[in-house]
2 protein chains.
Amino acid sequence: MISIANTTKLKILDAAATAFATHGVDQTSLDDIARALGATKGKIYHHFGSKGELVCAIRKHSVQLTLDRVHPYFAAEAPPHEKFHAMAKAHATAMISELAYHRVVVEEMRGSGTGTITDNEHNLRLEITVLQSKYEDMFRSVLASGIAAGQFRDQDLSVTVRSFLMMLHAPIYWYQPRGPQNSHSIAMQLADMALGAVLVTHVKKSVTAIVQ
Amino acid sequence: MISIANTTKLKILDAAATAFATHGVDQTSLDDIARALGATKGKIYHHFGSKGELVCAIRKHSVQLTLDRVHPYFAAEAPPHEKFHAMAKAHATAMISELAYHRVVVEEMRGSGTGTITDNEHNLRLEITVLQSKYEDMFRSVLASGIAAGQFRDQDLSVTVRSFLMMLHAPIYWYQPRGPQNSHSIAMQLADMALGAVLVTHVKKSVTAIVQ
DNA sequence: TTGACAACATACTGATGAGTATGTTTCATG
DNA sequence: CATGAAACATACTCATCAGTATGTTGTCAA
């Protein structure tokens, strides 16, 4: 948190996130990022131990940003389906609002990363894992309440959480700030879909079927 | 299609897909793939013009495999919600069954790829785009029918398709062949969730709410 | 049987980029 | 005003690969 209060570090993080999100982590050299900053590699290496640490810092920041947006709705008092919808919408809004940071996270979700891993990077990875677990646990908790209340379908929680979170990540792949839809309506639709994905399913008789 | 009837090419494709899916495209050298094949780079370059073409071949194969699994259910006669559920389940099953190929597709979804792009690769990319469009159109069509029938929620089709497809991609990130769940139950749950995501939402009164 | 081509292996080049070693400047502090 | 350290810039090294150029082997048709 102190590290992010540092203005210079944050500028580097922003530039790096933007570049990584645009061209991919592996296709972006530290010289590229430095150029975008109007500086040189020396500046980056003075603040971050390695490229891997830089990526981890972006990932951690991404998770933290998302958590900050979603947690208030988790803490508030509300029935499961309303709470879930609000949290889902907040998550989608986060994806759209800080697109670059979250893109990096998704790209690194496969697991590998760079070959050499510093101690500092290793610790960062652990912290990120802990944060992500805590984050998922919030949703797990709400889902459990909803299932207990008979509103949500009783199914494997791990699969459920990972699945609808992937759906909420969708804007990362296609959202463009200058697109026709505003971010609010997209976030709302995604939240609606996420809620539908967990609710007890109720298929209405088709209108055409009745007509026939 | 003729190209894939070639046994040697398919073996290279399999080895490449496995390696790419495990360590990431950029972290995997052609020498690595050749070693996995018990051969050298020469073999690969004899069958594929560049690393980019190899990746494209994997992507195309992935889309084709998925299409082959889903299309029968699209062609069959059934009410929208049943057809959609069957297609979604087939998609999820495809993801799990040919995990490696589909992982490569998702990793390359950001858009960039290698710097140099051969003519051959460019054509492959166009073919892939066409295939993917046709694929999405199938779902778009079913969704339109369901909306017309009053079963599916009337919302932006593009957002809908891209979103629940992302959810169906989820197993790519965490499914392990030796996992506790069998592939069938996971595919079923994902299909259930996808259907719920598009159906007209119907929130049951909470049991606890009634008790209170 | 011979040449011609497919199907590779071997050995190189060349560029790219992460990381480092070593300046240089600013600035706070004693 | 001296001095140290923070905050960079500059100029390297060195390993990694994608791509290429060329050699080798088998096979088949004329």
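Convention: sequence-line order gives letters A, B, ...; per-chain numbering from 1.
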Within less than 4.0 Å of OP1 or OP2 of [N], is there a side-chain N or O belonging to [X]?
X	N	answer
Lys51(A)	dA18(C)	yes
His47(B)	dA6(C)	no
His46(A)	dC8(D)	no

Of the nucleotides [options], which one has an atom closest to the side chain of [X]?
X	options	answer
Thr40(A)	dC8(D), dT10(D), dG19(D)	dT10(D)
Ala39(B)	dA9(D), dA7(C), dA9(C)	dA9(C)
Ser29(A)	dA7(C), dG17(C), dC8(D)	dG17(C)
Tyr45(A)	dT10(C), dG19(C), dC8(C)	dG19(C)

For [X] and [N], give me the distance from atom [atom1] to atom [atom2], rounded to whole Å.
X	N	atom1	atom2	result
Glu53(B)	dA18(D)	CD	P	14 Å
Ile117(B)	dA18(D)	CD1	P	16 Å
Lys43(A)	dC8(D)	NZ	C1'	8 Å
Lys9(A)	dA6(D)	NZ	P	13 Å
Ile33(A)	dG19(C)	CD1	C1'	14 Å
Leu30(A)	dC12(D)	CG	C1'	16 Å
His23(A)	dG17(C)	NE2	C1'	16 Å
Asp26(B)	dA18(D)	CG	C1'	12 Å

Can you give me the closest heavy-atom contact between [X] and [Y], atom names plus distance?
X	Y	result
Glu53(A)	Gly49(A)	OE1-N, 3.0 Å
Glu121(B)	Thr116(B)	OE1-O, 4.0 Å
Arg125(B)	Cys56(B)	CG-SG, 3.8 Å

message: Could you check whether Lys83(B) makes a cation-pi contact with Tyr73(B), meaning its NZ or CZ is under 6.0 Å from the centre of the six-membered ring and within 45° of the ring axis?
response: no
message: Within the 4.0 Å heavy-atom criterion, would you say Thr116(A) contacts the bases, only the backbone, or no part of the nucleic acid?
response: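 Nothing, no heavy atom under 4.0 Å.
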task: For Thr118(B), answer base if it contacts any base atom (sugar-phosphate contacts may also be present), sugar-phosphate if it contacts only those atoms, and nothing otherwise; contact means non-hydrogen atoms under 4.0 Å.
output: nothing
query: Within the modelled atom types, does a donor on one side and an acceptor on the other bring the side chain of Lys41(B) and the base of dA9(C) under 3.5 Å apart?
result: no
message: Please report whether the ring centroid of His91(A) lies less than 6.0 Å from that of Tyr135(A).
response: yes
